[in-house]
Student: 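First the structure, which I've put down as structure tokens, then a few questions once you've had a look.
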There are 2 protein chains.
Amino acid sequence: MYTRAEENYLKCIFHLEQEHKGAVATNAIAQMMSTKASSATDMIQRLADKELVSYRRYKGTTLTKEGIAVAVAVIRKHRLWEVFLVEKLNFQWDEVHEIAEQLEHIQSEELITRLDKFLDHPDYDPHGDPIPDKDGNIKKTEKKVLSEMSKSQHGILVGVRETSGEFLQYLDKRNIAIGTKIKVLGKEFFDGSMIIQVKKEQFFISKKIAENLYIQV
Amino acid sequence: MYTRAEENYLKCIFHLEQEHKGAVATNAIAQMMSTKASSATDMIQRLADKELVSYRRYKGTTLTKEGIAVAVAVIRKHRLWEVFLVEKLNFQWDEVHEIAEQLEHIQSEELITRLDKFLDHPDYDPHGDPIPDKDGNIKKTEKKVLSEMSKSQHGILVGVRETSGEFLQYLDKRNIAIGTKIKVLGKEFFDGSMIIQVKKEQFFISKKIAENLYIQV
DNA sequence: AACTTATTTTAGATTAGACTAAAAATATAC
DNA sequence: GTATATTTTTAGTCTAATCTAAAATAAGTT
Ligand SMILES: [Mn+2]
Ligand SMILES: [Mn+2]
Ligand SMILES: [Mn+2]
Ligand SMILES: [Mn+2]
């Protein structure tokens, strides 16, 4: 078994490795973990001792096979618990992340097996992120960022990048949710802002918003 | 917020104080926490600094008002989660304690409020122990230990003292569960053993077993 | 009352995980 | 290609929670 801190670092490194492909910088880890670079170095070296990451000083960090397995198992638990909170306890999708951050560390294989069954084996969490299966396989969905789409293209919202309360509430206010059909009516080259059609309504959205919406075309 | 260790010590002291009425010995705490007396002393002194217990060296420990509130809140969470595990995830009553020991430390008022509602505001956990309400009130049930009952008295099983897997499985094997009607057919003065009637069957039970069954007459 | 035993506390060490400040390595600029 | 800036690591300190060994207090016995 690994400690809470170890699990959190591994999850963090996993996400950073996904994003930028290749070794992860110590500063990036420290920043995502809201800690100092020296603390991150310390933990990275302990993880390397346990062969959960491979690490060469000044060169960055990557997860080993075992490190990936641990990270993915934690992500599976996090997302299953988020589904539970939204589907069974009627939380809003912007309220569940903090609680799932705690629940993801509960240690019990059997619990997760039963929770998965109780939830009827969901494929995606409330934010549209895929739930890894028991063996750590993650369903790869070909989605693109809304900001990369061009005028008159359309698709459905399948995920969000940001999961902060403010952002999710922004979407709620405009009735934009996972599964909502979105069409690009216009795009401004100067600042990347867009006019989009959502159901019967049209909205102006900034590039920053568009960059945080994943669309399946 | 208090640490996991602090919460566990407070819960432990609460239970010991219930049992023996009066200040709790350091050794008793150390034993229940599976740790050394010196470690217990150390934690007790920290809890005293935070005014969660009142403590006079060599004289023992009692919970303060705040200490009781924290302990009872943890017990409430523990028992609600046990109900969830048995009622919703179909665990057996002897399988839930370890997992609840972890879940009881999840920090979220809202989560517990919603869980309580989801479970339809249960009054008792799977072992027959009362679930404290939001304000920390615990329903007092007048129950007696089976070993203190005499020949030809009867009642229903409302709780168990021991919650080890072995003991609960022993009961399962004999179809004895919370709610089961039990009648004392005979009692041996020499060793306190009994013959009891459970439904259509009769069993011989030792004093040790009888001491761990709570009956409502 | 003095001796013996059991309980409890103190002293000192250890580990995980964090911090600050300083040193070392790498990257960027002229 | 040397100087400056940025990134990363090391060195040393801190706190929570644990331990062992030793000292202090309380309880029990003659
Ligand atoms: Mn989340
Ligand atoms: Mn999510
Ligand atoms: Mn329990
Ligand atoms: Mn219980």
Side-chain angles (χ1 to χ4, degrees), chain A residues 1-13 16-17 19-63 66-67 70-71 74 101-102 104-107, chain B residues 1-13 16-17 19-20 22-63 66-67 70-71 74 101-102 104-105 107:
Chain A
M1 286 311 100
Y2 300 102
T3 69
R4 205 154 299 246
E6 286 168 342
E7 287 188 346
N8 284 332
Y9 270 95
L10 291 171
K11 191 163 56 107
C12 164
I13 296 165
L16 290 170
E17 215 175 323
E19 263 186 44
H20 298 305
K21 298 284 176 199
V24 179
T26 300
N27 256 359
I29 295 170
Q31 190 172 1
M32 185 174 267
M33 293 298 294
S34 306
T35 188
K36 298 302 160 79
S38 53
S39 304
T41 298
D42 197 84
M43 178 57 93
I44 291 162
Q45 290 174 344
R46 281 204 304 278
L47 293 175
D49 288 345
K50 298 185 180 182
E51 304 196 42
L52 292 163
V53 302
S54 52
Y55 160 74
R56 288 189 8 259
R57 40 210 265 292
Y58 293 105
K59 298 295 180 187
T61 304
T62 53
L63 293 177
E66 174 66 6
V70 175
V74 175
E101 282 293 306
Q102 299 180 61
E104 72 187 5
H105 300 291
I106 302 292
Q107 307 279 12
Chain B
M1 286 313 99
Y2 301 101
T3 68
R4 205 156 299 245
E6 286 168 341
E7 287 188 346
N8 283 332
Y9 270 95
L10 291 171
K11 191 163 57 105
C12 163
I13 296 166
L16 290 170
E17 215 175 322
E19 262 186 43
H20 297 306
V24 179
T26 300
N27 256 359
I29 296 170
Q31 189 172 4
M32 185 175 267
M33 295 298 294
S34 305
T35 186
K36 297 302 160 76
S38 54
S39 305
T41 298
D42 197 86
M43 177 57 93
I44 291 162
Q45 290 174 344
R46 282 204 304 279
L47 293 175
D49 289 345
K50 299 186 180 181
E51 304 195 42
L52 292 164
V53 301
S54 53
Y55 161 74
R56 288 187 10 260
R57 43 210 263 292
Y58 293 105
K59 299 296 180 185
T61 304
T62 53
L63 293 177
E66 174 67 5
V70 175
V74 174
E101 282 292 308
Q102 299 179 61
E104 72 187 6
H105 301 291
Q107 306 280 10

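Protein chains get the first letters and strands the later ones, always in sequence-line order, with residue 1 at the start of each.
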Student: Of B:A28 and A:E6, whose closest DNA chain C nucleotide lies nearer the 5' terminus?
Tutor: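 First, find each residue's nearest nucleotide; the 5'-ward one identifies B:A28.
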Student: With a 4.0 angstrom cut-off to heavy atoms of chain A, pull out the first and last contacting nucleotide of DNA chain D, in 5'-to-3' order.
Tutor: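 On DNA chain D, the outermost contacted nucleotides are D:dT7 to D:dT10.
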Student: Enter the distance from A:N8:CG to A:H105:NE2 here, rounded to the nearest 0.5 Å.
Tutor: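 Going from the CG atom of A:N8 to the NE2 atom of A:H105 covers 3.5 Å.
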Student: Looking at CD of A:E17 and SG of A:C12, how far apart are the two atoms once the value is rounded to the nearest 0.5 Å?
Tutor: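 Spacing of CD (A:E17) from SG (A:C12) equals 11.0 Å.
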Student: Could you check whether B:T41 gets within reach of a base, just the sugar-phosphate, or nothing at all, counting any heavy atom under 4.0 Å?
Tutor: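 Touches a base.
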Student: Should we say atom CD of A:E51 is surrounded by more than 12 heavy atoms from elsewhere, each under 6.0 Å from it?
Tutor: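 Open.
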Student: When we call it a touch if two heavy atoms are under 4.0 Å apart, what does A:A5 touch: a base, just sugar-phosphate, or nothing?
Tutor: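 A:A5: backbone/sugar contact only, no base atoms under 4.0 Å.
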Student: Please give me the minimum heavy-atom distance between A:Y2 and A:Q107, naming the atom from each residue.
Tutor: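 It is O-NE2, 3.7 Å.
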Student: Heavy-atom nearest nucleotide on DNA chain C for A:D42 versus B:K59: which residue maps closer to 5'?
Tutor: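 Comparing both residues, the 5'-ward one is B:K59.
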Student: Over all strands shown, is B:T3 touching base, sugar-phosphate only, or nothing at heavy-atom distances under 4.0 angstrom?
Tutor: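 It contacts sugar-phosphate atoms only.
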Student: Tell me the closest heavy-atom pair linking B:Y55 and B:A48, and the distance in Å.
Tutor: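 Shortest heavy-atom separation between B:Y55 and B:A48 comes out as CB-CB, 4.2 Å.
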Student: Just checking B:T35: base, sugar-phosphate only, or nothing, at a heavy-atom cut-off of under 4.0 Å?
Tutor: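 Sugar-phosphate contact only - B:T35 comes under 4.0 Å of backbone atoms but never of a base.
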Student: Anything under 4.0 Å to a heavy atom of chain A counts; send over the first and last such nucleotide of DNA chain C, read 5' to 3'.
Tutor: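 Result: C:dG17 to C:dT26.
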Student: To the nearest 0.5 Å, tell me how far A:L63 CG sits from A:L47 CG.
Tutor: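 Those atoms lie 9.0 Å apart.
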Student: Which part of the nucleic acid, if any, lies within contact of B:A40, taking any heavy atom under 4.0 Å across all strands shown: a base, the sugar-phosphate backbone alone, or nothing?
Tutor: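 Nothing, no heavy atom under 4.0 Å.
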Student: Closest heavy-atom contact between A:A71 and A:L10?
Tutor: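 It is CB-O, 3.7 Å.
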Student: Is there side-chain contact between A:E101 and A:K11, with at least one heavy-atom pair below 4.5 Å?
Tutor: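 Yes - at least one pair of side-chain heavy atoms lies under 4.5 Å apart.
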Student: State which residue, out of A:L16, A:N27, A:I13, fulfils the side-chain contact (heavy atoms from CB on, under 4.5 Å) condition with A:M32.
Tutor: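 So the option named by the test is A:L16.
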Student: What's B:Y9 touching, base or sugar-phosphate or nothing? Going by heavy atoms closer than 4.0 Å.
Tutor: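 Sugar-phosphate only.
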